[in-house]
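On a predicted model such as this, the values are computed, not experimentally measured, just so you know. One-based numbering, in listed order, for ligands and for the atoms of each.
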Amino acid sequence: MARRQIERVTVVTLFPQLVQAVAEHGVVGRAIGEGAIRLACENPRDFATDKHRRVDDRPFGGGPGMVMQFAPVVGAIRAARAAGPEGARVVLLSPQGERFSHDKAVTLGRQAHLILVAGRYEGLDERIVESEIDEELSLGDFVLSGGELAAMAVVDSVVRLLPGTLGHAESAVEDSYSAGLLDHPHYTRPASVEGLQVPEVLQSGDHAAIERWRRQQRLGRTWLRRPDLLEVLVLSDEDKALLEAFKASKGDGQDHN
Ligand code: SAM
């Protein structure tokens with residue numbers, strides 16, 4: 001049976017124009033243009049009930065900043081649910097969420113409808129989280145002023161993994177994290193620039209040797225930069241030999257960059 005694939009992403013945001021700007025370009029823009037995925041926005045302001053279309057208010061208990069109110073945000077989330085395929089997964093972008101990752105992008109790409117909620121101000125009234133949010137995702141240990149950029153980072157990484165979305169020239173197969181390893185280094189013309197050379201093997205025309213070199217670079221870079229990734233991989237004997245040779249070429253394992 002074919003695996004379910006994402007059809008629609010809705011971003012709940014006070015700034016739909018920010019989302020649209022990102023969605024018009026590059027891989028995401030092309031995927032939308034070709035109908036591979038639909039991207040929609042719901043603006044909580046359209047669900048505000050007072051005449052000033054307010055979406056925020058002061059925090060109970062005092063303190064700085066404003067908090068996004070329950071009714072407008074929940075109204076937007078429910079409208080998003082109603083407009084898309086059933087069983088939407090609702091994700092809040094939040095610096096307090098689980099760290100976003102390649103594996104999470106793969107998982108989210110299997111949801112028919114993904115609703116991404118972008119906070120602003122001090123964030124959402126916690127009761128929205130309790131009643132509507134399935135999970136919280138963070139881009140990293142820093143604070144953005146709004147969730148839109150984080151939402152678009154999620155959209156971009158999910159969309160580029162969809163089959164047929166990337167052309168051959170942009171293949172994701174060897175990208176960092178795709179098989180638990182970082183990517184190998186890349187070079188393009190000219191072969192020599194300011195005294196810096198392209199590794200000879202890449203110009204040899206020997207495809208087996210090039211593949212071996214790239215695999216070794218992926219293993220070596222991961223060992224140097226993200227040894228935590230290597231710890232959970234089961235390496236073949238060939239991979240182990242390539243990595244040992246890489247380590248030997250670097251000496252004592254210190255200061256390799
Ligand atoms: N008071 C919140 C806190 O300290 O947890 C931060 C609110 S932040 C100024 C406003 C919004 O930006 C958040 O509701 C969230 O949607 C988004 N945001 C900020 N940092 C983020 C991050 N690292 N990852 C994902 N979203 C983030």
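Interface atoms of ligand 1 facing Gly140, defined by a heavy-atom separation under 4.0 Å, are 23 (N). Less than 4.0 angstrom separates some heavy atom of Gly146 from each of these atoms of ligand 1: 11 (C), 12 (O), 17 (C). Set against the non-hydrogen atoms of Leu93, the atoms of ligand 1 under 4.0 Å away are 15 (C), 16 (O), 25 (C), 26 (N). Less than 4.0 angstrom separates some heavy atom of Ala150 from each of these atoms of ligand 1: 25 (C), 26 (N). For ligand 1, the atoms closer than 4.0 angstrom to any heavy atom of Gly147 are 12 (O), 16 (O), 17 (C). Atoms of ligand 1 found under 4.0 Å from any heavy atom of Gln96 (numbered from 1 in listed order, with element): 3 (C), 5 (O). Ligand 1 places these atoms under 4.0 Å from at least one heavy atom of Gly123: 14 (O).
For atom 20 (N) of ligand 1, the closest heavy atom belonging to the protein is Leu144 N, 2.9 Å. Of the protein's non-hydrogen atoms, the one nearest atom 18 (N) of ligand 1 is Pro95 CD, 3.7 Å. Nearest protein heavy-atom contact of atom 2 (C) of ligand 1 is Glu122 O, 3.5 Å. Ranking the protein heavy atoms by distance from atom 14 (O) of ligand 1 puts Gly119 CA, 3.4 Å first. Among all non-hydrogen protein atoms, the one lying nearest atom 23 (N) of ligand 1 is Phe142 O, 2.8 Å. At the top of the distance list for atom 24 (N) of ligand 1, counting protein heavy atoms only, stands Leu139 N, 3.0 Å. Taking atom 7 (C) of ligand 1 as the reference point, the nearest protein heavy-atom neighbour is Tyr121 O, 3.5 Å.
Under the 4.0 Å criterion applied to side-chain N and carboxylate O atoms, Asp175 and Arg160 are assigned as salt-bridge partners. Salt bridge Arg54/Asp57: present, at least one basic N to carboxylate O contact under 4.0 Å. Remark: Arg214 does not engage Asp183 in a salt bridge, criterion side-chain N to carboxylate O under 4.0 Å. Look at Arg215 and Glu238 and you find no salt bridge, because none of the NZ, NE, NH1 or NH2 atoms lies under 4.0 Å from a carboxylate O. A salt bridge links Asp141 with Arg99: the closest approach of a Lys/Arg side-chain nitrogen to an acidic carboxylate oxygen falls below 4.0 angstrom.
Side-chain contact between Asn43 and Leu14 is present, with heavy atoms from C-beta onward closer than 4.5 Å.
Below 30°, between 30° and 60°, or above 60°: for Phe246 and Trp223 the angle between ring planes is above 60°, a perpendicular geometry.
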**Derivation of the side chain to side chain donor-acceptor pair (under 3.5 Å) call for Glu42 and Thr10** = CA-CA 7 Å; Glu42 290 290 352; Thr10 307; over 6 Å; no
**Request:** With side chain to side chain contact (heavy atoms under 4.5 Å, CB included) as the test, would you mind laying out the steps for Lys247 and Lys250 before giving the verdict?
**Result:** CA-CA 5 Å; Lys247 288 180 181 176; Lys250 294 290 178 184; 5.8 Å; no
